[in-house]
Amino acid sequence: WRKPNIPLGAKEFDLAAVPLDLVFYRHMNSALRFPVEPMLGAALVVYAGDTDMLDQAVNFTEFYRNESCGKCVPCRIGSQKLVQIGTELLARRDSGRPLAGADQQEMDKDVKEIYRTLQLTSICGLGYVAPIPLATALAYFPEDLKRKPGV
């Protein structure tokens, strides 16, 4: 195992040079200060380059909503709201009416607020990770909000 050389203040690096080591990835956010915390539990998921990340994010968000025990109000309501936002984004994009401008900024703000609220108030780890897939899609894959799948 060779420690990767990531320069101080780097905004990007060659991921192929990084070892497949979860400990490294778990500490990566504190070192690089990503806009959205990477969701790393016990696995890494690798997608093909043409995978629709918005669709994947909504799928994972639905999974977390369905797995919520319902005892925690922020998680119960927040995860449902995230699914509604993601479903609306998919429907608008697929109908050729993607959000843009002020509407997109407002929706981004809503997702960030739900993200922060869930991470500060949820009583278990599920509520903490539930907003990460949609927040990640919005932060790192904005092109998937505009293009139809397969285009």
Side-chain angles (χ1 to χ4, degrees), residues 1 3-4 6 8-94 98-99 102-147 149:
W1 183 81
K3 184 178 176 183
I6 301 173
L8 188 61
K11 299 282 187 222
E12 57 185 55
F13 58 93
D14 181 10
L15 194 57
V18 176
L20 289 176
D21 177 17
L22 283 173
V23 174
F24 172 80
Y25 284 97
R26 287 184 178 133
H27 293 94
M28 195 168 56
N29 184 49
S30 59
L32 299 179
R33 301 285 184 223
F34 292 120
V36 174
E37 175 183 353
M39 184 174 78
L40 296 166
L44 298 171
V45 179
V46 179
Y47 292 103
D50 61 347
T51 299
D52 181 355
M53 295 311 294
L54 178 58
D55 184 58
Q56 292 300 308
V58 172
N59 183 45
F60 277 106
T61 305
E62 288 173 338
F63 170 80
Y64 289 127
R65 181 213 45 208
N66 295 344
E67 290 299 309
S68 173
C69 70
K71 293 178 187 175
C72 173
V73 174
C75 184
R76 183 175 65 239
I77 294 172
S79 62
Q80 176 58 37
K81 183 64 178 170
L82 289 167
V83 169
Q84 288 172 344
I85 291 170
T87 302
E88 179 183 347
L89 286 170
L90 283 171
R92 289 182 64 98
R93 181 200 62 192
D94 294 349
L99 285 177
D103 291 334
Q104 179 68 39
Q105 290 173 345
E106 185 66 27
M107 191 273 314
D108 287 345
K109 185 178 149 205
D110 290 346
V111 170
K112 286 177 185 172
E113 187 174 324
I114 295 169
Y115 180 93
R116 182 168 159 71
T117 301
L118 283 174
Q119 292 199 328
L120 290 173
T121 61
S122 295
I123 59 176
C124 81
L126 187 136
Y128 189 88
V129 300
I132 294 176
L134 189 58
T136 299
L138 297 176
Y140 299 113
F141 302 97
E143 65 280 357
D144 283 4
L145 299 175
K146 296 172 181 67
R147 71 173 174 88

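Numbers for residues simply follow the sequence, beginning at 1.
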Considering only residues two or more places apart or on different chains, which pairs with a residue in residues 120-134 satisfy salt bridge (charged side-chain N to carboxylate O under 4.0 Å, His left out)? none

Non-hydrogen atoms of Gly127 and Cys75 that approach each other most closely: CA-SG, 3.7 Å

All side-chain contact (heavy atoms from CB on, under 4.5 Å) counterparts of Arg65, not counting sequence neighbours: Glu62, Ser79, Gln80, Val83

Step by step, work out the side-chain contact (heavy atoms from CB on, under 4.5 Å) result for Val58 and Leu82. CA-CA 8 Å; Val58 172; Leu82 289 167; over 6 Å; no

Taking the side chain as everything from C-beta on, heavy atoms only, tell me whether Leu126 gets closer than 4.5 Å to Tyr64. yes

With sequence neighbours excluded, residues passing side-chain hydrogen bond (donor to acceptor under 3.5 Å, both in side chains) with Glu67: none

Ala102: partners by side-chain contact (heavy atoms from CB on, under 4.5 Å), with sequence neighbours left out: none

As an exercise, state the distance from CD of Gln104 to CG of Asp108, rounded to the nearest 0.5 Å. 4.5 Å

Over all atoms of both residues, closest heavy-atom pair of Ile114 and Gly78: CG2-O, 3.9 Å

Arg93 side chain vs Asp144 backbone, donor-acceptor pair below 3.5 Å: yes

Min side-chain heavy-atom separation Leu138-Lys112 under 4.5 Å: no

Is there a side-chain contact between Met107 and Asp103 (heavy atoms, below 4.5 Å)? no

Enter the distance from Leu89:CG to Leu145:CG here, rounded to the nearest 0.5 Å. 6.0 Å

Please report the shortest heavy-atom distance between Ala139 and Pro142, naming the atom on each side. O-CD, 4.3 Å

Straight-line distance of Ile85 CD1 to Thr61 OG1, nearest 0.5 Å: 10.0 Å

Heavy-atom closest contact (Ala135 atom, Tyr115 atom, distance): CB-CD1, 3.7 Å

With rounding to the nearest 0.5 Å, note down the distance linking CG in Leu54 to OG1 in Thr136. 12.0 Å

I'd like to check the side-chain contact (heavy atoms from CB on, under 4.5 Å) partners of Thr51; sequence neighbours left out, ordered by chain and number. Tyr47, Ala48, Met53, Gln56

Please list all pairs passing the salt bridge (charged side-chain N to carboxylate O under 4.0 Å, His left out) test where one or both residues lie in residues 118-129, with sequence neighbours left out. none

Partners passing side-chain contact (heavy atoms from CB on, under 4.5 Å) against Asp55 (at least two apart in sequence or in another chain): Asp52, Leu90

